[in-house]
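Letters A, B, ... mirror the listed sequences (proteins, then strands); counts begin at 1.
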Amino acid sequence: MNLSKSTQIVEPSWLARPSPEVAPDLVGCTIVRQFPDGTIVRGMIVETEAYGPNDPACHAYRCRTQRNWVMFGPPGISYVYLIYGRYHCFNIVTDQDGVASAVLIRALEMECVPSWINLPQGAKRHRIAAGPGKLCEVLQIDRSLNAQILAIGQSLWLEHRSGELQPELVQTTRIGLSQGVDLPWRWYLKDSLCVSKL
DNA sequence: TCTAAGATGGCA
DNA sequence: GCCATCTTAGAA
């Protein structure tokens, strides 16, 4: 008899809430990346930021565009965009269909270092996914994974926290913005060495 | 069409 | 602190 907790996959309905509610709940969840050859890489979310309607920092603040239309879609899909012409950022679309809302994943604690990542001499292996652009490189996320459904067996999906305990979170303002700087919509795992800023 | 700025990260 | 590098949105 197996009484141990089985893995709980995050369902779209769980994400159908305002992003500032979902973002702290996502810390401690695990992102699973599956490649076409079946290889699987996993990392625990340690840092998130929420973006939503009436939020001047949100890409969808003004109107629907070719880039941001995914944010208006139903919860449980990916929103991937390119920033500064060189880095990708990975978001999880939240809230009801039609509400422009998403959670930016800013840092992961990797279960192990994927073989395609070669660590430079002296590099800290626990910081390979400490930052939104870095985690996309480690998980090989680019715009081809934009607007994908996050479900088991796909390229990406999410698993709920395994522990019983709520992780201890710290809430702060968001990073790297010029608009909406006062909204305290960033959360990270307290004392984690894998967050984007130490 | 043109251009300024961007939810970054690496290196000096 | 500086800058690479290029897409995007918004102005002209």
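Electrostatic pairing of A:E49 and A:R106 counts as a salt bridge here, judged by a charged N lying under 4.0 Å from a carboxylate O. Between A:D182 and A:R174, no side-chain nitrogen of the basic residue sits less than 4.0 Å from a carboxylate oxygen of the acidic one, so the salt-bridge criterion is not met. Ion pairing between A:E159 and A:R42 holds under the 4.0 Å rule for side-chain N and carboxylate O.
Contacts of A:R64 with the nucleic acid, taken as non-hydrogen atoms under 4.0 Å apart, are absent. Nucleic acid contact class of A:R67 (heavy atoms, under 4.0 Å, all strands): sugar-phosphate only. Backbone-only contact: A:S178 has heavy atoms under 4.0 Å from sugar-phosphate atoms and none from a base.
Mapping A:E137 and A:Y81 onto DNA chain B by nearest heavy atom places A:Y81 closer to the 5' end of the strand. Comparing A:R143 and A:Y84 against DNA chain C, the residue whose closest nucleotide sits nearer the 5' end is A:Y84.
Taking atom CZ of A:R86 as the reference point, atom C1' of C:dT8 lies 18 Å away to the nearest angstrom. Rounded to whole angstrom, the span from the CG atom of A:L82 across to the P atom of C:dA4 amounts to 17 Å.
Side chain of A:N68 to backbone of A:C63: a donor-acceptor contact under 3.5 angstrom is found.
Judged by the 6.0 Å and 45° rule, A:R67 forms no cation-pi pair with A:Y79. Annotation: cation-pi geometry satisfied between A:R17 and A:W14 (NZ/CZ under 6.0 angstrom from ring centroid, within 45° of ring axis).
A:Q148 and A:S155 form no side-chain donor-acceptor contact under 3.5 Å, judged by distance and modelled atom types alone.
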Dot-bracket pairing map - DNA chain C, Watson-Crick plus G-U, both contacts under 3.5 Å, | cross-strand: ||||.||||||.
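On the nucleic acid side, DNA chain B has its first and last nucleotide under 4.0 Å of a heavy atom of chain A at B:dG6 to B:dG10, going 5' to 3'.
By the criterion of side-chain heavy atoms lying less than 4.5 angstrom apart, applied directly or through intervening Ile, Leu, Val, Met, Phe, Trp or Tyr residues, A:V181 is grouped together with A:I83 in one hydrophobic cluster.
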